[in-house]
> 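Okay, handing you the structure first.
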Amino acid sequence: MSIKQALISVSDKTGIVELAQELHQLGVALLSTGGTAKLLKDAGLAVTEVGDYTGFPEMLDGRVKTLHPKIHAGILARKDLPEHISALEEAAIPAIDLVVVNLYPFSQTIARPECTLEEAIENIDIGGPTMVRAAAKNYKSVAVVTDPEDYSALLGEMKSASGAVRQEFRFRLACKAFSHTAAYDSAISNYLTSMDGENGERQNFPQRLNLNFSIAQHLRYGENPHQQAAFYRDQAPAPGSLASYTQLQGKELSYNNIADADAAWECVKTFDLPACVILKHANPCGVAVADTPLAAYKLAFATDPTSAFGGIIAFNRTLDAAAAEAVIKQFVEVIIAPQLTDEAQQILAGKANVRVLTLPVEAGSNMFDFRRVGGGLLVQTPDNLNVTAAQLKVATKVQPTAQQLEDLLFAWRVAKFVKSNAIVFCANGQTLGVGAGQMSRVDSARIASIKAQNAGLSLDGSVVASDAFFPFRDGLDVVVKAGARAVIQPGGSVRDEEVIAAADEQGVAMVVTGARHFRH
């Protein structure tokens with residue numbers, strides 16, 4: 001199918017002049033609208049404006065320009081049906097062989113905090129989606145391009161076949177076009193159904209939630225080999241999120257690699273000092289902050305060397321040669337850092353199967369967290385709460401020292417990323433024992449102390465974080481007996497007075513945050 005006439009009308013004008021110039025050189029007649037037509041004319045191209053083409057000028061402030069039979073008959077006519085060709089000839093309507101259209105910037109508009117409902121409505125494209133869907137439906141006769149990244153592939157197709165475009169390529173473009181309009185309509189639906197009436201405020205959750213993710217990778221399998229899996233990327237990933245990774249080396253990421261890498265990366269990003277997080281099976285098994293990545297790694301590894309085997313290691317600073325030399329001595333699945341020095345990269349290259357990812361350390365987060373349940377979806381805003389020293393309330397007679405306070409805040413940040421029930425022993429910016437995912441808090445406390453004992457780490461004078469309140473004093477008694485001298489917990493139990501009294505009885509400091517960090 002040769003391209004003889006193209007209709008070009010784009011909001012995102014990236015590369016459009018260069019595309020039009022190439023199309024002109026290939027002998028393609030150009031139709032265009034509004035700002036796109038002006039841009040192409042200013043570039044010296046011969047362009048017919050749609051109003052001149054249809055004999056019907058734009059009206060209603062541009063709301064009506066392409067909604068005309070001469071446009072849509074030219075797009076929708078099937079070239080394999082003689083009756084369609086005859087109908088075009090009778091009406092003196094030339095076929096339109098190529099539609100290059102992308103839509104008004106609705107998502108960008110509503111992303112502005114000051115955006116009003118009226119502005120949002122004005123940025124709902126009508127003619128654009130109509131042309132795109134018409135061309136995509138008629139892909140056997142028309143090529144449709146909605147993404148500037150496809151311009152070079154389109155031109156490559158045409159140049160290799162004397163101006164023609166293969167049907168297989170047109171079908172791929174059509175699929176992408178329908179996805180483009182579906183995502184566009186989904187954004188509109190999400191926005192409008194999140195409004196509390198025409199004059200109301202936007203709510204967090206739309207009445208009808210439409211999700212738009214693009215496939216990034218087919219995975220070998222899911223959590224287990226008998227499960228199929230794929231990794232999808234958000235249309236607009238949050239800055240610094242895992243989906244923006246660059247893989248420098250190593251085997252293909254697995255389902256579990258991606259899930260664990262995300263947890264490790266989100267944890268290490270929360271620290272201001274150089275930090276290292278070692279994560280295994282969705283739980284941090286060692287976390288530390290120090291002056292250098294190497295020092296942080298050594299402290300994190302010392303927490304639980306056994307669990308660190310085959311884990312994920314994340315740094316929030318450039319990985320240098322010294323840290324790389326140390327890390328490569330253990331079996332590790334994935335290493336993540338903002339960047340690597342050339343020397344570090346050469347060292348890690350010696351372990352070709354180790355997956356090495358780089359990511360920018362940015363504070364962005366997803367708009368929503370999701371969890372699938374039978375027949376439904378649980379949706380919540382992410383847990384981005386990081387309490388400060390000023391927000392803590394000392395509940396006991398004993399006041400925490402400055403060092404204890406610093407360690408309590410460190411322990412609290414780690415506990416946020418440990419599966420509930422979570423108990424985390426820390427001292428001097430290092431985790432000493434982590435108890436995770438137990439059905440009772442007292443068992444998590446016992447496991448955390450056992451972990452520290454197995455690693456040869458003393459808990460004398462340590463601090464403890466509990467992700468939720470102590471329902472009874474027994475959990476507190478376990479951590480104090482193990483050596484803890486200060487505790488951070490949310491508070492809010494009906495037995496708070498009993499637990500605080502137990503802390504006073506044993507001469508330990510206790511601070512409450514007023515917020516919990518359940519992680520299921």
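One-based numbering along the sequence shown. Values reported hereafter were calculated over all heavy atoms of this structure, with side chains retained and with hydrogens, waters and symmetry mates removed. Predicted, not measured: the structure shown is a model, and the values here were computed from it.
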> Got P400 and V394 here, is their nearest side-chain heavy-atom distance under 4.5 Å?
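A side-chain contact under 4.5 Å exists here.
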> Looking at every non-hydrogen atom in both residues, tell me the closest pair between S189 and R208 and how far apart they are.
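For S189 versus R208, the nearest heavy atoms are OG-O, 4.1 Å.
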> Do L319 and L348 have side-chain heavy atoms sitting under 4.5 Å apart?
yes
> List the atom of V418, the atom of A436, and the distance in Å for their closest heavy-atom pair.
CG1-CB, 3.4 Å
> To the closest 0.5 Å, what do you measure between NZ (K351) and CD1 (I335)?
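The NZ atom of K351 sits 10.5 Å away from the CD1 atom of I335.
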> Check whether N316 reaches the backbone of A275 with its side chain - one donor and one acceptor, N or O, closer than 3.5 Å.
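Present.
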> Please round to the nearest 0.5 Å and tell me the distance separating atom CD of E122 and atom CG of L117.
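Going from the CD atom of E122 to the CG atom of L117 covers 10.5 Å.
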> Using side-chain heavy atoms (C-beta onward) and a distance below 4.5 Å, is W265 in contact with L357?
no
> Would you say R220's side chain and P225's backbone share a donor-acceptor pair under 3.5 angstrom?
no
> Would you say CD of Q227 has more than 12 non-hydrogen atoms from neighbouring residues, nucleotides or ligands within 6.0 angstrom?
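More than 12 heavy atoms, drawn from other residues, nucleotides or ligands, come within 6.0 Å of this atom.
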> Compare every heavy atom of D291 with every heavy atom of P274, then report the nearest pair and how far apart it is.
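Taking P274 first and D291 second, the nearest heavy atoms are CG-O, 3.7 Å.
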> I need the full list of side-chain hydrogen bond (donor to acceptor under 3.5 Å, both in side chains) pairs touching residues 358-369, with sequence neighbours left out, sorted by first then second residue.
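Residue pairs passing side-chain hydrogen bond (donor to acceptor under 3.5 Å, both in side chains), neighbours aside: S365-N384.
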> Would E505 and R473 pass as an ion pair if we require N to O under 4.0 Å?
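R473 and E505: salt-bridged.
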> Can you confirm whether Q489 sits close enough to V499 that some side-chain heavy atom of one is under 4.5 Å from a side-chain heavy atom of the other?
yes
> Identify, with sequence neighbours excluded, every residue that meets ring-ring contact (aromatic ring centres under 6.0 Å, His included) alongside F309.
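By the ring-ring contact (aromatic ring centres under 6.0 Å, His included) rule, F309 matches F331.
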> Counting C-beta onward and ignoring hydrogens, is there a side-chain heavy-atom pair between T146 and V132 closer than 4.5 Å?
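They are in contact (side-chain heavy atoms under 4.5 Å apart), so the answer is yes.
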> Is there a donor-acceptor pair closer than 3.5 Å between any side-chain N or O of N353 and the backbone N or O of K251?
no
> Are the side chain of E252 and the backbone of L219 linked by a donor-acceptor contact shorter than 3.5 Å?
no
> Could you check whether any side-chain heavy atom of V287 comes within less than 4.5 Å of a side-chain heavy atom of T303, counting everything from C-beta outward?
no
> Can you see whether H180 engages N102 through a side-chain donor-acceptor pair at a distance of less than 3.5 angstrom?
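Short answer, no.
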> Does any part of the side chain of T513, heavy atoms only, come nearer than 4.5 Å to the side chain of P490, both counted from C-beta?
yes
> Looking only at heavy atoms, what is the nearest atom pair of V512 and A395, with distance?
CG1-CB, 4.4 Å
> Could you tell me if Q506 and D477 have a donor-acceptor pair between their side chains, going purely by distance under 3.5 Å?
yes
> Check this for me: K481, atom NZ, are more than 12 non-hydrogen atoms of other residues, nucleotides or ligands nearer than 6.0 Å?
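At most 12 heavy atoms, drawn from other residues, nucleotides or ligands, come within 6.0 Å of this atom.
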> Starting from the C-alpha separation in whole Å, work towards a yes-or-no answer on side chain to side chain contact (heavy atoms under 4.5 Å, CB included) for T431 and F410.
CA-CA 9 Å; T431 51; F410 169 80; 4.2 Å; yes
> Looking only at heavy atoms, which two atoms of A290 and L299 are closest? And how far apart?
CB-CD1, 4.3 Å
> Between S444 (side chain only) and N421 (backbone N and O only), is there a donor and an acceptor less than 3.5 Å apart?
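Checked: pair present.
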> For the CD atom on Q207, are there more than 12 heavy atoms of other groups (residues, nucleotides or ligands in this structure) within a distance under 6.0 Å?
no
> Identify the heavy atoms of I447 and G435 that sit nearest to each other, and give their distance.
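Minimum heavy-atom separation between I447 and G435: CG2-CA, 4.2 Å.
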> Could you walk me through whether E168 and R172 pass the salt bridge (charged side-chain N to carboxylate O under 4.0 Å, His left out) test, one step at a time?
CA-CA 7 Å; E168 178 188 355; R172 292 205 306 270; 3.5 Å; yes
> Other residues, nucleotides and ligands only: do more than 12 of their heavy atoms fall within 6.0 Å of OH on Y245?
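Yes, because the 6.0 Å sphere around OH of Y245 holds more than 12 heavy atoms from other groups.
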> Is the shortest side-chain N to carboxylate O distance from R441 to D467 below 4.0 Å?
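Salt bridge flag = yes for D467 with R441.
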> Are a donor atom and an acceptor atom from the side chains of T14 and D12 found within less than 3.5 Å of each other?
yes
> Do side-chain atoms of D407 reach the backbone of C426 as a donor and acceptor pair under 3.5 angstrom?
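Absent.
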> Under the 3.5 angstrom rule, does the side chain of T396 hit a backbone N or O of M510 as a donor-acceptor pair?
yes
> Can you sort out the partners of S214 under side chain to side chain donor-acceptor pair (under 3.5 Å), two or more places apart, ordered by chain and number?
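Checked S214 against side chain to side chain donor-acceptor pair (under 3.5 Å); matches are Q235.
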> Please check if the distance between the ring centroids of Y104 and Y184 is under 6.0 Å.
no
> Give me the one residue out of L279, I313, N257 that meets side chain to side chain contact (heavy atoms under 4.5 Å, CB included) with E333.
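With E333 as partner, side chain to side chain contact (heavy atoms under 4.5 Å, CB included) holds for just one option, N257.
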> Could you tell me whether the side chains of D342 and Q346 share a donor-acceptor contact shorter than 3.5 Å?
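No, no side-chain donor-acceptor contact under 3.5 Å.
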> Can you list every pair that meets ring-ring contact (aromatic ring centres under 6.0 Å, His included) and has a residue in residues 356-393, with sequence neighbours left out?
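Matches after skipping sequence neighbours: F205-F368.
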> Backbone N or O of A422 within a donor-acceptor pair of the R519 side chain at under 3.5 Å?
no
> Please check if atom CD in Q217 has more than 12 non-hydrogen atoms from other residues, nucleotides or ligands closer than 6.0 Å.
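Correct, the count exceeds 12.
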> What pairs meet the salt bridge (charged side-chain N to carboxylate O under 4.0 Å, His left out) rule with one or both residues in residues 265-289, with sequence neighbours excluded?
E266-K269
> Please list, chain by chain and in numerical order, all residues satisfying ring-ring contact (aromatic ring centres under 6.0 Å, His included) with Y151, sequence neighbours excluded.
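Listed in chain order: nothing, the list is empty.
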> I'd like to know if the side chain of K451 pairs up with that of S307 as donor and acceptor (distance under 3.5 Å, no hydrogens or angles considered).
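Per modelled atom types, K451 and S307 side chains form a pair under 3.5 Å.
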> Determine yes or no for a side-chain-to-main-chain donor-acceptor pair under 3.5 angstrom, with D443 supplying the side chain and M439 the backbone.
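Such a contact is absent between D443 side chain and M439 backbone.
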> Without swapping roles, check the side chain of D147 against the backbone of E149 for a donor-acceptor pair under 3.5 Å.
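Checked: pair present.
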> Does the plane of the ring in F106 sit parallel, tilted or perpendicular to the ring in Y191? Use 30° and 60° as the thresholds.
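Rings of F106 and Y191: perpendicular, over 60°.
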> So, do F271 and V414 sit near enough that their side-chain heavy atoms are less than 4.5 Å apart?
yes
